[in-house]
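Basis for what follows: all heavy atoms, side chains included, without hydrogens, waters or symmetry-related copies. Residue numbering restarts at 1 for every chain, and letters A, B, ... go by the order of the sequence lines.
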Protein chains: 2
Amino acid sequence: MKKVRLADVADLAGVSMKTVSNVVHNYPHVTPEMRRKVQQAIDDLGYRPNLTARRLATGKTGMIALAIPEIDHPYFSELSRYIAEEASRLGYRVIVEQTLSNPEAERAVLNDREAGLVDGVIFHPVRMQSMEVARLQRDVPVVLLGESTMPVTADHVMIDNVVAAQEGVRHLVGEGRRRIAFLGMVSGDTTGSTDQRLLGYQQGLVDAGMTPDPDLVLSVSDFTPEESSRAVAHALASGVAFDGLVCRDDRFATGALFALRQAGVQVPRDVAVVGWDDTELGRWASPPLTSIAPDKRELAATALALLRERIDGYHGIGRHRIVSHALTIRESAPLGAPAFQSR
Amino acid sequence: MKKVRLADVADLAGVSMKTVSNVVHNYPHVTPEMRRKVQQAIDDLGYRPNLTARRLATGKTGMIALAIPEIDHPYFSELSRYIAEEASRLGYRVIVEQTLSNPEAERAVLNDREAGLVDGVIFHPVRMQSMEVARLQRDVPVVLLGESTMPVTADHVMIDNVVAAQEGVRHLVGEGRRRIAFLGMVSGDTTGSTDQRLLGYQQGLVDAGMTPDPDLVLSVSDFTPEESSRAVAHALASGVAFDGLVCRDDRFATGALFALRQAGVQVPRDVAVVGWDDTELGRWASPPLTSIAPDKRELAATALALLRERIDGYHGIGRHRIVSHALTIRESAPLGAPAFQSR
DNA sequence: CTGAAAGCGCTAACAG
DNA sequence: CTGTTAGCGCTTTCAG
């Protein structure tokens, strides 16, 4: 019961390796009788093709790497799911590379010490700068995710963060909010996702004829709900007054909801909250979060489509794709619930 | 800038392939001068070893598969994170296999059509029965996760569900709850995780001198918070009265909290709720969930340790490991908040 | 301590 | 439509 090879099957069936291979691959032109005989031998021997050998011979691994900061961040776990599903649809297996936002780990994603592991990489960098990505990128096809400005050498998929943030602000303004804060600058987040969201937030205020107030931009010391909660609690304690809040992501929004509740501030009556990413975490928050919803499925499909083209030989310049988003309205910032009136 | 091979490096350096290989692998007995020369050639050529070829030659892939129902279920995404971290610590890469609780997909995990993809598999089945696992399991080392009764042919890691559920009940009883319900029978969940939790729940009631009431065992039609919420709403509407609730997992508990809130039932005053898995979802629920907390890190470490031993040649009988758990107390079922008294 | 050569198991070009 | 054979790139005895 050991190591059955293609050649063994060929021997038993009394045919050549090529014929066995043809059967394994379901090639059309094999006589039914031949096919039967070979299949018999395969079954008898319990033969299964060795993937590694096949890869060596074909030069294709049938695998892609998905490199993300944290597997268990709700946004990334949900995105991973769609990517896994789409990949499997295209016949790829996915190997997950968790960078934990570690610069070295991010570098290792592109600067791999060995080759031939995967056919392509989908990479969401957090610390790595555009230039560095360009410099390190080698022969492996790469599609970048996330909101930073990306090098023209790589493909890139994102949503329009500026517009999305503007829409979030517009929604709050439309509901009568006049002092709208932004939650989540994080030091070390060098890729500019937050910057773009902040920019859109400011733009949204200007669009509404308001003047951005620096005091209303809240910083968080780390990418956790705990820190977000702390930041909001601190702002409230410091007397920063706001009736609307746009958050960098649902996790931060979750922490914010907690802090507001602790402080006896009612949502949405006193403060309307908008999250980002539309994750399950926000969907079941109390109150459920209104959230900017990137089309994760489309994101996954687009990323894989681009990657596939690269794998199939496309060598052109980097392409940028903007994927659609929506504002999912829920209780934390509902329609028709003007400030200071309970529903 | 194409395909630099080991042989090319050897040529340039004017040494044999073996020597280059020795340098690449940091073998001790190479003269410093030789090493320098070879390293030079490696750098000049930008050589990187081809993993696939190495695998073919060594027979080891350095990869393990993690097969779970859903990547984005909070419990599994958190578990995945620890497994990824531990795997990377041991030098393994992880490929994620999402079964979506599909029987065929689960079968495919063990019954793989091709060999040589991974060195081992960590598998959390949901639909597959013990017998079937035993029947399908082949030569690849497998460690099973989850609570079903598992075949003696495979290793298995779990927490003691019965005891954990008893503890959950005991906690509620200690806080003065007298009508404690259990939420989450799901049809099609054939592995018995829920069964064991239910058993522990019943045992816990008996321990406290109470009589299990079938009406207090709530069924859910699918593994989603939505359905859980619906089930609880239905129970409330039907006049089922309870002052404590043990949930099959945090997701169900989240749905339950929602339904209770909608119905104007206060948690924990009117109903104290205990979740299961201690996920971020529950940590930020409102109120934050008391939850049975499997030690996910230990779970991951144990599973990988067992798998590693198998990969390294252990061929003995299946080993069962019980990993520790705790009851994390939070607001949904706090200490010192007897029923019908607000805090 | 280094070099030569025989695999690892499969694919694919090329004949037949 | 089927058979032969030369790789794919690395590891690893086994001599030297």
Rounding to a whole Å, what distance do you find between [X]:[atom1] and [N]:[atom2]?
X: B/Lys18; N: D/dT13; atom1: NZ; atom2: P; result: 8 Å
X: A/Leu117; N: D/dG9; atom1: CG; atom2: P; result: 16 Å
X: A/Ile42; N: C/dC10; atom1: CD1; atom2: P; result: 11 Å
X: A/Met34; N: D/dT2; atom1: CE; atom2: P; result: 6 Å

Most 5' of B/Thr19 and A/Leu56 on DNA chain C, judged by nearest nucleotide: B/Thr19
Residue met sooner reading DNA chain C from 5', once B/Val15 and A/Pro49 are mapped to nucleotides: B/Val15
Taking 4.0 angstrom as the limit, do [X] and [Y] come out as a salt bridge?
X: B/Arg297; Y: B/Glu86; answer: no
X: A/Lys37; Y: A/Glu33; answer: no
X: A/Arg127; Y: A/Glu106; answer: no

N or O in side chain of B/Ser21 less than 4.0 angstrom from C/dT2 OP1/OP2: no
Contact under 4.0 Å: A/His25 side-chain N or O vs C/dT11 OP1/OP2: yes
Touch class at under 4.0 angstrom, heavy-atom based, for B/Met17 against every strand present: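 B/Met17: base contact, heavy atoms under 4.0 Å.
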